[in-house]
Amino acid sequence: MLENFSFRTITEYLPLFGYGFAATLWLSIVSFAGALAVGITLCAMNLQRSQALKVPAKIYIDVIRATPLLAQLYFLYFGLPRLGVVLPELFIGILALSLNSGAYVAEIIRAGILSISRGQVEAGIASGMTYFQRMRLVVLPQAFRVTIPPLLGQAIVLVKDSALLSLISVSELTRAGQLLASDRFMPAEGFITTAACYLALYYGLKTLAASSERWLRLRPTGNLK
Amino acid sequence: MIKFRGVNKWFGALHVLKDITLNVEPREVVVVCGPSGSGKSTLIRCINGLETIKNGDLVVDGQRLGDRATNMTELRTEVGFVFQSFNLYPHKTALENVILAPIHVRKIPKAEAEIAGREMLAKVGLADKFNSYPAELSGGQQQRVAIARCLCMRPKIMLFDEPTSALDPEMISEVLDVMVGVAEEGMTMMVVTHEMGFARKVARRVVFMDAGAIVETGPPEEFFSNPKTDRSRAFLSKILRH
């Protein structure tokens, strides 16, 4: 079986995979930054008492979480031009990932904030802090610790989701595999290499998550009493 | 200093404060006791606006609560509140806990706040714990940090909501000692507690509440030795029996 497997071709295509690896990495980083921005905004809206801010955020989060990312991506890629908005595919890809992942990030951050006990908020209120002071000095620093591990989990999901961008011909890892598969009729070589690259990205993020958890464990948290 | 006049409050259908009228003079120490669910905590939580009242007048330090002109955040800087569950900031050291509000709310320069904070922690007997996190402190130590945190704001009034009821018995006295010290310095205090030793030592008056209403008030000696109402007698017989 393995005599048909061409390592030589893979070596030939390595520059293409290197390019795809770099593309997936940086577009994931940009998308995740976008997701954080979208998520923080949505979460801030969701936590307000005003229904005018809360309801749109809730609807947005529901719509995103209820529909497949592929459908969202196709809507932006095929749908928007029909509505007169033409954007480069790379931009559309990053936009789709940011908007999609942002909904999940919003819920992760919200869970983190809600996990902070009411007593902490009251201690802030009782000492005369304003809403923003309480958030900045008391709630968010504590919520931040709770949020980092699930956020890194979401980052891992985002990296894998970015494979869908190959369908709108963004040059990234999966696209590199597709090219090798179709140019040389070598899908095994192509997609195994693609998979190996994702695995490398995954382990990178996992190491980051593990070290962040170790770092958080070294610092005292509120869970002890 | 604190004036309740005809104050009422409901939680849904539950009438938690019934026509409360009570005056607390400057430098007076008032102990509030009563069975659980009698509205004692709600009563003192209204004073710094952690709960809002439905009707009646509540005037604190000359400002009427619920008035547009009353700035609650400003008023709260004058009113310290000690919680049953301490509510220290777990991500901050003892010293950071006590200087946080002075720096950000009182706008005191950090260096100055730190000096005052160290002094205050030393005063409550925690000179060796400046850099400890709450999780590294015992309950009694945490509650003393919480009291120091309030005192660092130089409040005019201190409210204590069952400050010793979450503590192991051997830690209660270290917290009460600190509270006695605060009382003896002339702080206006309202303390929800069943610690009768404390009440006898420093309280000018004991207020007994039941089912949302003030049933009886009087000097501690008189209240504990010669309660006037059936309800207070029943309550005292229960807590004194053991």
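In what follows, chains are A, B, ... by sequence order, proteins preceding strands, each numbered from 1. Atom set for the values below is all heavy atoms of this structure, side chains included, hydrogens, waters and symmetry mates excluded.
Rounding to the nearest 0.5 Å gives a distance of 12.0 Å between OG1 of B:Thr73 and CE of A:Met129. To the nearest 0.5 Å, atom CZ of residue B:Arg76 and atom OG of residue A:Ser127 are 9.5 Å apart. Distance NE2/B:His104 to CD/A:Gln133: 7.5 Å, rounded to 0.5 Å. Note that CZ of B:Arg45 is 8.5 Å distant from CD1 of A:Ile125, once rounded to the nearest 0.5 Å.
Closest approach of B:Phe83 to A:Ala126, counting heavy atoms only: CZ-CB, 4.1 Å.
With a threshold of 4.5 angstrom between heavy atoms, A:Arg136 approaches chain B through side-chain atoms but not through N, CA, C or O. Heavy-atom distances place no part of B:Leu159 under 4.5 Å from chain A, backbone and side chain included.
Atom NZ of B:Lys110 has 12 or fewer heavy atoms from other residues, nucleotides or ligands within 6.0 Å. Atom NZ of A:Lys58 has more than 12 neighbouring heavy atoms from other residues, nucleotides or ligands inside a 6.0 Å radius. The local environment of CZ in A:Phe78 is crowded, with over 12 non-hydrogen atoms from other residues, nucleotides or ligands closer than 6.0 Å. The number of heavy-atom neighbours closer than 6.0 Å to OH of A:Tyr19, taken from other residues, nucleotides and ligands shown, is 12 or below. Summarising the local packing, CZ of A:Phe191 is surrounded by more than 12 heavy atoms from other residues, nucleotides or ligands at distances under 6.0 Å. More than 12 heavy atoms of other residues, nucleotides or ligands sit less than 6.0 Å from atom CZ of B:Phe11. Around the CZ atom of B:Arg154, the shell of radius 6.0 Å holds no more than 12 heavy atoms that belong to other residues, nucleotides or ligands.
A:Gln142 places no side-chain N or O within 3.5 Å of a backbone atom of B:Tyr89 that could act as its donor or acceptor partner. The backbone N or O of A:Gly119 lies less than 3.5 Å from a partner atom in the side chain of B:Asn87, making a donor-acceptor pair. B:His91 places a side-chain N or O within donor-acceptor distance of the main-chain N or O of A:Leu137, the cut-off being under 3.5 Å.
When the candidates B:Thr77, B:Leu75, B:Leu100, B:Val82 are compared by the number of heavy-atom contacts under 4.5 Å with chain A, B:Leu100 comes out ahead.
Counting only heavy atoms from C-beta outward, the side chains of B:Pro90 and A:Gln120 approach each other to under 4.5 Å.
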